[in-house]
Amino acid sequence: MTEASYLTALRESYDTVAAAYIARVKTPAELDPLSRAMLAAFAELVQTDARGPVADLGCGPGRVTAHLAELGLSAFGVDLSPEMIKHARAAYPGLRFTVGSMTALQIGNDELGGILAYYSTHHTPPQWLPTVFSEFHRTLTPGGHLMLAGYVGNHEHVRPTRAYGDHPVSYESYLLPADRIAELLHQAGLVVTTRLVQEPEEGMKRKIATILARKPR
């Protein structure tokens, strides 16, 4: 099957910027208090309600995957970029990281206690989100939890050509309203339980939404 062009652009772009991304992006300890609290709440929900490992989808260099493990979860990471996975494996040799796509997860049905999609779905064209969210539903165990966080907007389509220290990129970003993301999750069979929308931090332009959802038992 031919790969969707956006996946090719995403893989090539993040392979290119991997080292610069690692140097510039915040570690979990440097996140704002609300973001750290939401990750902790997600971890507690999974530990309380669900059985099975947690997949950090779009894990990048693995920092948040490692943070989930520190919070007591059995976490592993999946990313489209082989270069990102190489860095993650080198930094956290005790954790499992694999190359893969959210559109076709190499994970069995009802296998996961939790899914974290942390700033990893906004590069997905809106027409592909139902496929991605259906994969979330398929792989979560009944009662399993999802945490999705990322930038939101009013159906904005952003096409950068340079990023992370002036490196060339060909990915695109699609900033949907938080309500639209929640609606698509509902259509995929997930129950949205929490929506948190944060105003832009000083010096930033984008709102951030964090959505918690679960698969019905």
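All heavy atoms count here, side chains included; hydrogens, waters and symmetry mates do not.
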> Which is it for D179 and R195 under the salt bridge (Lys or Arg N to Asp or Glu O under 4.0 Å) test, yes or no, and what are the steps along the way?
Replying inline: CA-CA 9 Å; D179 287 348; R195 305 179 207 183; 2.7 Å; yes
> Under a 4.5 Å cut-off applied to non-hydrogen side-chain atoms, are Y6 and W128 in contact?
Replying inline: yes
>> Taking L146 as the starting point, is it possible to reach V152 by hopping between hydrophobic residues whose side chains are less than 4.5 Å apart?
In response: yes
> Looking at residues at least two apart in the chain, or sitting in another chain, which of them share a ring-ring contact (aromatic ring centres under 6.0 Å, His included) with Y174?
Replying inline: H157
> What pair of heavy atoms forms the shortest contact from M102 to S120, and how long is it?
Replying inline: CE-O, 3.0 Å
> Taking the six-membered ring for Trp, are Y119 and Y151 parallel (under 30°), tilted (30 to 60°) or perpendicular (over 60°)?
Replying inline: perpendicular
> Looking at NE2 of H122 and CG of L129, how far apart are the two atoms once the value is rounded to the nearest 0.5 Å?
Replying inline: 11.5 Å
> What do the steps show when you test H145 against F42 for side chain to side chain contact (heavy atoms under 4.5 Å, CB included), and what is the final call?
Replying inline: CA-CA 8 Å; H145 290 271; F42 168 70; 4.1 Å; yes
>> Side-chain heavy atoms nearer than 4.5 Å, only ILVMFWY residues, links allowed to pass through others: does that put F133 and L176 together?
In response: yes
> Run the side chain to side chain contact (heavy atoms under 4.5 Å, CB included) check on R11 and E3 step by step: do they pass?
Replying inline: CA-CA 11 Å; R11 177 187 297 107; E3 180 178 75; 2.7 Å; yes
> For the residue pair A88 and G60, what are the closest heavy atoms and their distance?
Replying inline: CB-O, 3.9 Å
> Is there a path from V54 to L95 through hydrophobic residues (I, L, V, M, F, W, Y) whose side chains come within less than 4.5 Å of each other?
Replying inline: no
>> Quick check: do F97 and T65 have side-chain heavy atoms less than 4.5 Å from each other?
In response: yes
>> Among residues at least two apart in sequence or on other chains, which ones pass ring-ring contact (aromatic ring centres under 6.0 Å, His included) with Y164?
In response: Y21
> What's the spacing between L80 CG and Y14 OH if we round to 0.5 Å?
Replying inline: 10.5 Å
> How about S35 and T210: do any of their side-chain heavy atoms sit closer than 4.5 Å?
Replying inline: no
> Is atom CD of Q106 surrounded by more than 12 heavy atoms (other residues, nucleotides or ligands) closer than 6.0 Å?
Replying inline: no
> Between the main-chain N or O of L71 and the side-chain N or O of Q47, is there a donor-acceptor pair closer than 3.5 Å?
Replying inline: yes
> Is any side-chain heavy atom of R214 less than 4.5 Å from a side-chain heavy atom of L45?
Replying inline: no
> Is it true that atom CD of E183 has more than 12 heavy atoms of other residues, nucleotides or ligands lying nearer than 6.0 Å?
Replying inline: yes
>> Could you check whether any side-chain heavy atom of R217 comes within less than 4.5 Å of a side-chain heavy atom of D49, counting everything from C-beta outward?
In response: yes
>> Checking the side chain of E12 only, and the main-chain atoms of A9 only, is there a donor and an acceptor separated by less than 3.5 Å?
In response: no
> Does R89 reach the main-chain N or O of G94 with its side chain, forming a donor-acceptor pair under 3.5 Å?
Replying inline: no
>> Just verifying a value: how many Å separate M147 CE and T194 OG1, rounded to the nearest 0.5 Å?
In response: 10.5 Å
>> Ignoring hydrogens and geometry beyond distance, is a side-chain donor-acceptor pair present between E111 and T139 at under 3.5 Å?
In response: no
> Rounded to the nearest 0.5 Å, how far apart are CD1 of I107 and CG of L57?
Replying inline: 6.0 Å
> What heavy-atom pair brings C59 and D79 nearest, and what distance separates the two atoms?
Replying inline: N-OD2, 3.2 Å
> Are the side chains of V132 and P130 in touch, meaning some heavy atoms are under 4.5 Å apart?
Replying inline: no
> Is there a donor-acceptor pair under 3.5 Å between the side chain of R96 and the backbone N or O of V78?
Replying inline: no
> Does S13 reach the main-chain N or O of S170 with its side chain, forming a donor-acceptor pair under 3.5 Å?
Replying inline: yes
> Under a 4.5 Å side-chain heavy-atom rule over Ile, Leu, Val, Met, Phe, Trp and Tyr, are V64 and L212 clustered together?
Replying inline: yes
>> How long is the straight-line distance from CG of D56 back to NE2 of H67, given to the nearest 0.5 Å?
In response: 11.0 Å
>> Could you go through L112 and T141, starting from their C-alpha distance and side-chain angles, then the distance that decides it, and tell me whether this counts as side chain to side chain contact (heavy atoms under 4.5 Å, CB included)?
In response: CA-CA 5 Å; L112 300 174; T141 189; over 6 Å; no
> Considering only heavy atoms from C-beta outward, does the side chain of L31 approach that of L39 to under 4.5 Å?
Replying inline: yes
> Taking all atoms of both residues into account, what is the closest heavy-atom pair of I211 and A178, and its distance?
Replying inline: CD1-O, 3.9 Å
> Are any non-hydrogen side-chain atoms of Y92 and P61 less than 4.5 angstrom apart?
Replying inline: no
> Between D110 and K215, which heavy-atom pair has the shortest distance, and what is it?
Replying inline: OD1-NZ, 2.6 Å
> Nearest 0.5 Å, what's the CZ-OG1 distance between F136 and T131?
Replying inline: 11.5 Å
>> Set out, in order, the CA-CA distance, both residues' side-chain angles and the distance that settles side chain to side chain contact (heavy atoms under 4.5 Å, CB included) for Q198 and D32, then state yes or no.
In response: CA-CA 11 Å; Q198 296 172 250; D32 64 274; 3.2 Å; yes
>> Do H123 and S173 pair up side chain to side chain, a donor and an acceptor below 3.5 Å, judged on atom types alone?
In response: yes
> Do L196 and L175 belong together in a cluster built from hydrophobic side chains that touch within less than 4.5 Å?
Replying inline: yes
> At their closest point, which heavy atom of P216 faces which heavy atom of G189, and how far apart are they?
Replying inline: CD-O, 3.3 Å
